[in-house]
Amino acid sequence: MGSFWQLPLAMYSKAKRSSLPGRQLLRPFFESPPEHVSPRLLGKILVHRTENEDGTKYIAGRIVEVEAYLGPHNTPPDPASHSHRGPTPRNVVMFGPPGYAYVYAIYGRYFCMNVTCEPPGLAGCILIRALEPLQGVSQMALNRSLQPGASPRQLTSGPGRLCLALGLTRPTHNALDLCDPASPLQIRDDGYPAPELIVTPRIGISAAVDWPLRFAVRGNPCVSGPRSMR
DNA sequence: CTGTGGATTTGCT
DNA sequence: GCAAATCCACAGG
């Protein structure tokens, strides 16, 4: 018999299909350094509320992989962080209050989503790298130009993929307050137990390649990268 | 399974 | 100008 955390994650969200699951995370949750908040973010739910002619819909997934990016106040500073040379028009939201979305464009085609951490003035943040789809799966497939039967892994395994699946872009979602009860973008806790996790170096960077700042749910199929990275 | 190259926006030197 | 916290298609073993 498998461990508790190996049961299908979707089991824990079947109860509420058309409403917000669990409770919204409050700002104090994000006021600590990103390497401290990151492991606690695994198992929480990222929810995007969309309005269209049919009404309100939710697209949501459970967070199964994140990476911490440290602010320039650390010694040594994190050379892989967008904030390491101080505030710029792109990264200024990272230097503001915790609990905000930092969304940036990458390689001309994709967006990646972060959550700001640390008290105002300090620039730590957490990159959301992978989700397990929970709600709005057919919409995710549409957004990703995949067949309706696409695997959960194909939908949201990777930071660019999950932003596409949820419809997140910099023009619309950068600098949104995730802790505002009225926000269309929120992170919520539905009581899912703290998962067993692995810690590894971060992916896709060329500086500080050995810093152990990537956190993932052990064995979860939606975690990005080869099997050896799960 | 692994490796390679192309697409194409954005911020910063 | 160029490099980038990526993804995808396709080639070859």
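Owing to the predicted nature of the structure, the values given are computational and were not obtained by experimental measurement. Chain A is the first sequence line, chain B the second, and so forth, proteins listed ahead of strands; every chain is numbered from 1. Note: hydrogens, waters and symmetry copies are ignored here, and every other heavy atom, side chains too, is used.
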Trainee: Between A:Leu164 and A:Ile205, who's closer to the 5' end of DNA chain C by nearest nucleotide?
Mentor: A:Ile205
Trainee: Under 3.5 Å for both distances, Watson-Crick or G-U wobble, that's the pair rule; now give the dot-bracket for DNA chain B, with | marking pairs to another strand and [ ] for crossing ones.
Mentor: |||||||.||||.
Trainee: Nearest 0.5 angstrom please: A:Cys117 SG to A:Leu41 CG, how far?
Mentor: 7.5 Å
Trainee: If two hydrophobic side chains count as joined below 4.5 Å and joins carry through other members, does A:Tyr104 share a cluster with A:Tyr110?
Mentor: yes
Trainee: Among residues two or more places apart or on two chains, list those pairs meeting salt bridge (charged side-chain N to carboxylate O under 4.0 Å, His left out) that have a residue in residues 151-174 of chain A.
Mentor: none
Trainee: For a 4.5 angstrom cut-off between non-hydrogen side-chain atoms, does A:Arg230 reach A:Asn220?
Mentor: no
Trainee: Can you confirm whether A:Val47 sits close enough to A:Leu185 that some side-chain heavy atom of one is under 4.5 Å from a side-chain heavy atom of the other?
Mentor: no
Trainee: Spell out, yes or no, whether A:Val93 and A:Phe29 are grouped together once hydrophobic residues are joined by side-chain heavy atoms under 4.5 Å, including indirect joins.
Mentor: no
Trainee: Hey, what are the protein-to-nucleotides 6-9 of chain B N/O distances that come in under 3.5 Å?
Mentor:
residue: B:dA7; atom: O3'; partner: A:Arg109; partner atom: NH1; Å: 3.1
residue: B:dA7; atom: N3; partner: A:Arg109; partner atom: NE; Å: 3.4
residue: B:dT8; atom: O2; partner: A:Tyr107; partner atom: O; Å: 2.7
residue: B:dT9; atom: O4'; partner: A:Gly108; partner atom: O; Å: 3.0
residue: B:dT9; atom: O2; partner: A:Gly108; partner atom: N; Å: 3.4

Trainee: Restricting to nitrogen or oxygen on both sides, can you table the protein-nucleotides 11-13 of chain B pairs closer than 3.5 Å?
Mentor:
residue: B:dC12; atom: OP1; partner: A:Thr88; partner atom: OG1; Å: 2.1

Trainee: Please list, in numerical order, the residues of residues 139-160 of chain A that have a heavy atom closer than 4.0 Å to any atom of DNA chain B.
Mentor: none
Trainee: Look at A:Asp190 together with A:Arg62 and state whether they make a salt bridge at an N to O cut-off of under 4.0 Å.
Mentor: yes
Trainee: For A:Arg27, I'd like to know if atom CZ has over 12 heavy atoms of other residues, nucleotides or ligands within 6.0 Å.
Mentor: yes
Trainee: Check A:Pro87, A:Ser81, A:Pro72 against A:Met94 for a side chain to side chain contact (heavy atoms under 4.5 Å, CB included) and give me the one that passes.
Mentor: A:Ser81
Trainee: Say whether, by atom type as modelled, one donor and one acceptor occur between the side chain of A:Asn74 and the main chain of A:Gly71 under 3.5 angstrom.
Mentor: yes
Trainee: Got a sec? Which of residues 114-123 of chain A come in under 4.0 Å of DNA chain C, heavy atoms?
Mentor: A:Asn114
Trainee: If hydrophobic clusters are built from ILVMFWY residues whose side chains come within less than 4.5 Å, do A:Tyr69 and A:Val115 share one?
Mentor: no
Trainee: Would you tell me whether A:Gln186 and A:His48 have side-chain atoms, one donor and one acceptor, within less than 3.5 Å of each other?
Mentor: no
Trainee: Quick one: which residue pairs count as a salt bridge (charged side-chain N to carboxylate O under 4.0 Å, His left out) with a foot in residues 200-215 of chain A, not counting sequence neighbours?
Mentor: A:Glu65-A:Arg214, A:Asp78-A:Arg202
Trainee: Under the side chain to side chain donor-acceptor pair (under 3.5 Å) test, which residues partner A:Arg49, sequence neighbours left out?
Mentor: A:Glu51
Trainee: Can you list the residues that meet the side chain to side chain contact (heavy atoms under 4.5 Å, CB included) rule with A:Leu197, with sequence neighbours excluded?
Mentor: A:Pro39, A:Leu42, A:Val199, A:Phe215
Trainee: Taking ring pair (Phe, Tyr, Trp, His ring centres under 6.0 Å) as the test, write out the residues that go with A:His84, two or more places apart.
Mentor: none
Trainee: Describe the nucleic acid contact of A:Arg161 in one word from base, sugar-phosphate, nothing, applying a heavy-atom distance below 4.0 Å.
Mentor: sugar-phosphate
Trainee: Rest of the hydrophobic cluster containing A:Ile203 (Ile/Leu/Val/Met/Phe/Trp/Tyr, side-chain heavy atoms under 4.5 Å)?
Mentor: A:Met229
Trainee: Taking 5' to 3' order, which nucleotide of DNA chain C is first and which is last to have an atom within less than 4.0 Å of a heavy atom in chain A?
Mentor: C:dA4 to C:dC8
